[in-house]
S.K.: 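The structure follows.
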Amino acid sequence: MEKSNGSSEYGFILVGFSDRPKLELVLFIVNFILYTVAVLGNSTIILVCILDSRLHTPMYFFLANLSFLDLCFSTSCIPQMLVNLWGPDKTISYAGCVVQLFSFLSVGSIECILLAVMAYDRYAAVCKPLHYLVIMHPQLCLRLVAVAWGSGLVNAIVMSPLTMTLPRCGRLRINHFLCEMPALIKMACVDARAVEMLAFTFAILIVLLPLVLILLSYGYITAAVLKIKSAAGRWKAFNTCSSHLTVVSLFYGSIIYMYMQPGNSSSQDQGKFLTLFYNLVTPMLNPLIYTLRNKEVKGALKKVLGRQQ
């Protein structure tokens, strides 16, 4: 990137919530607590899924991947945000911004696709219970996860350089608390519609298409559940999907709501808080959702904790 842009030499200024000093202290305390809970919770899920042989199934293989992605998602921006909230320095280096953008794009994309993979897993468990282990064999699980990771990395590899090399004519202030692609594109001093259209195309493939597949999977699941005559059977089938459905609702709900807001200053502030929600609150809640709603995870956790005592 040329030095005329200034960003390669001096980095960027993350405006974040710097216009509200009192709010910054509150956010630092709250975010530090939530981030700590997110790291501990997701690390625990990963360890339990590895250590307990009863959880060596497709569902928990995907859950461990989701927890790892949540760790990466939060860690890609929250530590830098905490540093900026704590003191007067609001800067981020150019290299740090590149790493943050790449991590945010890749991990966010992978998680969207992984949630669709998990929906297919729930479809197979509810609609094809007798053939579940045949359908979701280990090789297929690995391939599905590889497709999710490959697609997310392609998105980041293509969009990160295009976004970072846009001329900014010395503009260094990012109106966000992280190096998010829309905020960086808005800083460009040239026509960036081609980059925006490419980003929109990727969004359709990586955000909207997985959401459609999730809705289709749950459409088939709902039809199958309604055919079950006993109330106990319907509840059991619903319970196997409730955790994933809750996670999907939290993750996609915040993203869809954020990008439907108009581009005024009020919606920009809402966008910051909503980004914070799916970047920190959702990763913090996911382990709690799966632990509280899942007897197998609770049992495995007690077993692991009992082994350590």
S.K.: Please report the C-alpha distance between F62 and V117 in whole Å, then the side-chain angles of each, then the deciding distance to 0.1 Å, and finally whether the side-chain contact (heavy atoms from CB on, under 4.5 Å) criterion is met.
M.R.: CA-CA 8 Å; F62 297 135; V117 170; 3.6 Å; yes
S.K.: Please examine the side chains of L101 and M164, heavy atoms only from C-beta on, and report whether any two atoms are closer than 4.5 Å.
M.R.: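 Yes, at least one pair of side-chain atoms sits under 4.5 Å.
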S.K.: Is there a side-chain contact between C241 and V126, using heavy atoms and a 4.5 Å cut-off?
M.R.: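 The answer is yes, as the side chains (C-beta and beyond) meet within the 4.5 Å cut-off.
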S.K.: Going from OG on S217 to CG on D121, what distance comes out if it is rounded to the nearest 0.5 angstrom?
M.R.: 10.0 Å
S.K.: Treating Ile, Leu, Val, Met, Phe, Trp and Tyr as nodes and any side-chain heavy-atom pair under 4.5 angstrom as an edge, say whether L140 and L213 lie in one connected cluster.
M.R.: no
S.K.: With distance as the sole test, does T282 use its side chain to make a donor-acceptor pair with the main-chain N or O of F251 at under 3.5 Å?
M.R.: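 Side chain of T282 to backbone of F251, a donor-acceptor pair under 3.5 Å: no, none is there.
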S.K.: Name all pairs fulfilling the side chain to side chain donor-acceptor pair (under 3.5 Å) condition that reach into residues 189-215, sequence neighbours left out, sorted by first residue then second.
M.R.: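 Found D191-R193.
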S.K.: Can you tell if the side chain of F17 reaches within under 4.5 Å of the side chain of H176, non-hydrogen atoms only?
M.R.: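 Heavy-atom side-chain distance check fails, nothing below 4.5 Å.
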S.K.: Just so I know, are the side chains of L178 and L14 near enough to count as touching, which here means a heavy-atom distance under 4.5 Å?
M.R.: no
S.K.: Does V15 share a hydrophobic cluster with L27, counting links as ILVMFWY side-chain heavy atoms below 4.5 Å and allowing steps through other members?
M.R.: no
S.K.: Taking all heavy atoms of N279 and all of C77, pick out the closest pair and write down the distance.
M.R.: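 Nearest pair, atom of N279 first, then C77: OD1-SG, 2.6 Å.
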S.K.: Mind checking whether Y220 and K128 have side chains closer than 4.5 Å, heavy atoms only?
M.R.: no
S.K.: Donor-acceptor check, side chain of H244 to backbone of R122, threshold 3.5 angstrom: yes or no?
M.R.: no
S.K.: Would you say C169 and V190 make side-chain contact, with heavy atoms under 4.5 Å?
M.R.: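 No, too far: nothing below the 4.5 Å cut-off.
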S.K.: Going by ring pair (Phe, Tyr, Trp, His ring centres under 6.0 Å), name the pairs with one or both residues in residues 23-54, residues two or more places apart or in two chains.
M.R.: F28-W86
S.K.: What heavy-atom pair brings S151 and I206 nearest, and what distance separates the two atoms?
M.R.: O-CD1, 4.0 Å
S.K.: I185 and A192: which non-hydrogen atoms are nearest, and at how many Å?
M.R.: CG2-CB, 3.9 Å
S.K.: How many angstroms lie between atom CG of D70 and atom CG of L285, to the nearest 0.5 angstrom?
M.R.: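 Going from CG on D70 over to CG on L285, the span is 10.0 Å.
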S.K.: What closest approach, in Å, do P287 and I45 show between heavy atoms, and which atom pair accounts for it?
M.R.: CB-CG1, 3.8 Å
S.K.: Tell me, with the steps shown, if L250 and I289 meet side-chain contact (heavy atoms from CB on, under 4.5 Å).
M.R.: CA-CA 11 Å; L250 287 171; I289 292 168; 3.6 Å; yes
S.K.: Are I33 and L40 co-members of a hydrophobic cluster defined by side-chain heavy atoms under 4.5 Å apart?
M.R.: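 Each belongs to a different hydrophobic cluster.
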S.K.: State yes or no: do I50 and L114 share one hydrophobic cluster built from I, L, V, M, F, W and Y residues joined by side-chain heavy-atom distances below 4.5 Å, directly or via other members?
M.R.: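 Yes: a chain of side-chain contacts under 4.5 Å links I50 to L114.
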S.K.: Measuring from S76:OG to L69:CG, what's the distance to the nearest 0.5 Å?
M.R.: 11.0 Å
S.K.: Checking N65 side chain against F61 main chain: does a donor-acceptor pair fall under 3.5 Å?
M.R.: yes
S.K.: Given 3.5 Å as the limit, does a donor-acceptor pair link the side chain of N84 with the main chain of F177, or not?
M.R.: no
S.K.: Assess the side chains of Y60 and D52: does a donor N or O sit below 3.5 Å from an acceptor N or O?
M.R.: no
S.K.: More than 12 heavy atoms of other residues, nucleotides or ligands under 6.0 Å from CZ of F277: is that the case?
M.R.: yes
S.K.: Look up atom CE in M284 and atom OG1 in T36, then write down how far apart they are to the nearest 0.5 Å.
M.R.: 11.0 Å
S.K.: Hey, are the side chains of Y132 and P58 touching, using non-hydrogen atoms and a 4.5 Å cut-off?
M.R.: yes
S.K.: Supply the atom-to-atom distance L34 CG to I78 CD1, rounded to the nearest 0.5 angstrom.
M.R.: 9.0 Å
S.K.: Between the side chain of R173 and the main-chain N/O of I13, is any donor-acceptor distance below 3.5 Å?
M.R.: no
S.K.: Would F104 and F73 count as a close aromatic pair, with their ring centres under 6.0 Å?
M.R.: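 Ring centres of F73 and F104 closer than 6.0 Å.
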S.K.: Roughly how far apart are I174 CD1 and M187 CE, rounded to 0.5 Å?
M.R.: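 Spacing of CD1 (I174) from CE (M187) equals 5.0 Å.
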S.K.: For L71 and S43, which heavy atoms make the closest approach, and how far apart are they?
M.R.: CD1-OG, 3.9 Å
S.K.: Please answer: with hydrophobic residues joined when any side-chain heavy atoms are less than 4.5 Å apart, are V147 and M118 in the same cluster?
M.R.: no
S.K.: Under the side-chain contact (heavy atoms from CB on, under 4.5 Å) rule, what do N175 and K186 come out as? Steps first, then yes or no, please.
M.R.: CA-CA 9 Å; N175 189 21; K186 286 179 182 178; over 6 Å; no
S.K.: Going through the checks in order, is the side-chain contact (heavy atoms from CB on, under 4.5 Å) test met by L115 and L66?
M.R.: CA-CA 8 Å; L115 288 172; L66 179 65; 4.3 Å; yes
S.K.: Looking at every non-hydrogen atom in both residues, tell me the closest pair between A64 and I46 and how far apart they are.
M.R.: O-CG1, 3.8 Å
S.K.: Does some side-chain heavy atom of F102 sit less than 4.5 Å from a side-chain heavy atom of L153?
M.R.: yes
S.K.: When you measure from the side chain of S160 to the backbone of I157, do you find a donor-acceptor pair of N or O atoms at a distance under 3.5 Å?
M.R.: no
